[in-house]
Amino acid sequence: MSRLDASLLADLPPFSGMSRDALDDMLARAVSFRSAKDTYVFREGEEAHSFFLLLDGYVRVVKVTPEGEQVIVRYIATGELLGIAKAIGRDSYPANAVAAVDCVLLAWPSNTWDAIVAAHPGFATNTYSMVGSRLVGTQDRVVELATERVEQRVANAILSLARETGRKTDEGILIDFPISRQDISEMTGTTLHTVSRLLSGWDSKGWIKGGRQKITLVEGHKLMMVASARD
DNA sequence: CCATTAAAGGATT
DNA sequence: AATCCTTTAATGG
């Protein structure tokens, strides 16, 4: 049992505006645990026994079609909530959650959801506004998938990953976890070959710098041109 | 414009 | 050595 201090939570969006006492109470109800890279935090269809906060690392949320095809729904970054089935009136998880790197999480039993929401209206408000913005983001992606060309979708995926998870390096903005061409294709509804061709093209123009499971955004504005190009 | 198939080389375990 | 990841080219919808 490591001692966790409430100040760990204070700066995270789900807990913004909450008092020190409230944070202590939330923390007292949680247990922390680790999830090694490539292990499941939870699985689709499983009973939603807990909801989670990602304290460190990255988690990808994945749906698998009946044919076994994988679709990456979103990436969860450090400081975000996941598995909040109770908040959307479900009692099973709607997708798989896989650690993209070694992760540290907090878990709350789902049966404490109602009590927590009742005791901490600020947390409830924060959670529902997060659910709302994820919904908006998902809607935008539906439009994108339906209307934009592959090149634009891949450019957008790189840009948002860099924005949400990017870490500054001397080269540019590095996407902060191992991500393969296959992963990008599962986010954008295309094949790894097409992603590979696009990325190596942008690499040779100096707009990005690629490597095995590595992408660094060098000229973000160039990709924004690609992402918004009308034809 | 993009998916599929095939082939080959480098990286990782 | 076996497996995974990436690149490249050819073909066809």
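The structure displayed is predicted, hence computed values, not measured ones. Chain naming here is simple, since letters A, B, ... match the order of the sequence lines and numbering starts at 1 in each.
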Query - Geometric class of the A/W207/A/W202 ring pair [parallel <30°, tilted 30-60°, perpendicular >60°] - result: parallel
Query - Between C/dT7 (P) and A/K209 (NZ): distance, integer Å - result: 11 Å
Donor-acceptor list for residues 15-22 of chain A side chains, cut-off 3.5 Å, not counting sequence neighbours:
{"from": "A/S19", "atom 1": "OG", "to": "A/A22", "atom 2": "N", "distance (Å)": "3.0"}

Query - Counterpart residues, side chain to side chain donor-acceptor pair (under 3.5 Å), relative to A/T191 (two or more places apart) - result: A/T194
Query raised in the report: Between which residue ranges does DNA chain B form stems of three or more consecutive Watson-Crick or G-U wobble pairs, both distances under 3.5 Å?
Result: B:1-13 with C:1-13
Requested in this report: Give A/S196 one of three labels, base, sugar-phosphate or nothing, depending on what nucleic acid heavy atoms sit under 4.0 Å from its own.
Outcome: base
Query raised in the report: Which pairs count as salt bridge (charged side-chain N to carboxylate O under 4.0 Å, His left out) when at least one residue sits in residues 40-58 of chain A, sequence neighbours excluded?
Result: A/E44-A/K63
Query raised in the report: Does the A/Q152 side chain pair with the main chain of A/R149, one donor and one acceptor, at a distance under 3.5 Å?
Result: yes
Report task. Give the minimum heavy-atom separation between A/I76 and A/R134, together with the two atoms involved. Result -> CD1-NH2, 3.6 Å
Query raised in the report: Tell me: NZ of A/K214 to P of B/dG10, nearest whole Å?
Result: 18 Å
Each nucleotide N or O in nucleotides 9-13 of chain C that has a protein N or O under 3.5 Å away: list the pair and distance.
none

Requested in this report: Ignoring backbone atoms, establish whether A/T194 has a side-chain N or O less than 4.0 Å from OP1 or OP2 of B/dA3.
Outcome: yes
Query raised in the report: Do you know which two heavy atoms are closest between A/D176 and A/R167, and how far apart they sit?
Result: OD1-NE, 2.9 Å
Query - Rounded distance (Å) that lies between atom C1' of B/dC2 and atom CD of A/E148 - result: 16 Å
Review item, nucleotides 3-5 of chain C N/O atoms under 3.5 Å of protein N/O:
{"from": "C/dC4", "atom 1": "O2", "to": "A/R212", "atom 2": "NH2", "distance (Å)": "3.4"}
{"from": "C/dC5", "atom 1": "O4'", "to": "A/R212", "atom 2": "NH1", "distance (Å)": "3.2"}
{"from": "C/dC5", "atom 1": "O4'", "to": "A/R212", "atom 2": "NH2", "distance (Å)": "3.4"}

Query raised in the report: Does a side-chain N or O from A/S200 land closer than 4.0 Å to OP1 or OP2 of C/dT8, or not?
Result: yes
Query - From CA spacing to verdict: ring pair (Phe, Tyr, Trp, His ring centres under 6.0 Å), A/Y75, A/Y58 - result: CA-CA 7 Å; A/Y75 276 90; A/Y58 294 96; 7.7 Å; no
Query raised in the report: Which of parallel (below 30°), tilted (30 to 60°) and perpendicular (above 60°) describes A/W108 and A/F51?
Result: parallel
Report task. Assess the side chains of A/Q70 and A/N96: does a donor N or O sit below 3.5 Å from an acceptor N or O? Result -> no
Requested in this report: Can you spot which of A/I88, A/L81, A/N126 makes a side-chain contact (heavy atoms from CB on, under 4.5 Å) with A/V131?
Outcome: A/I88
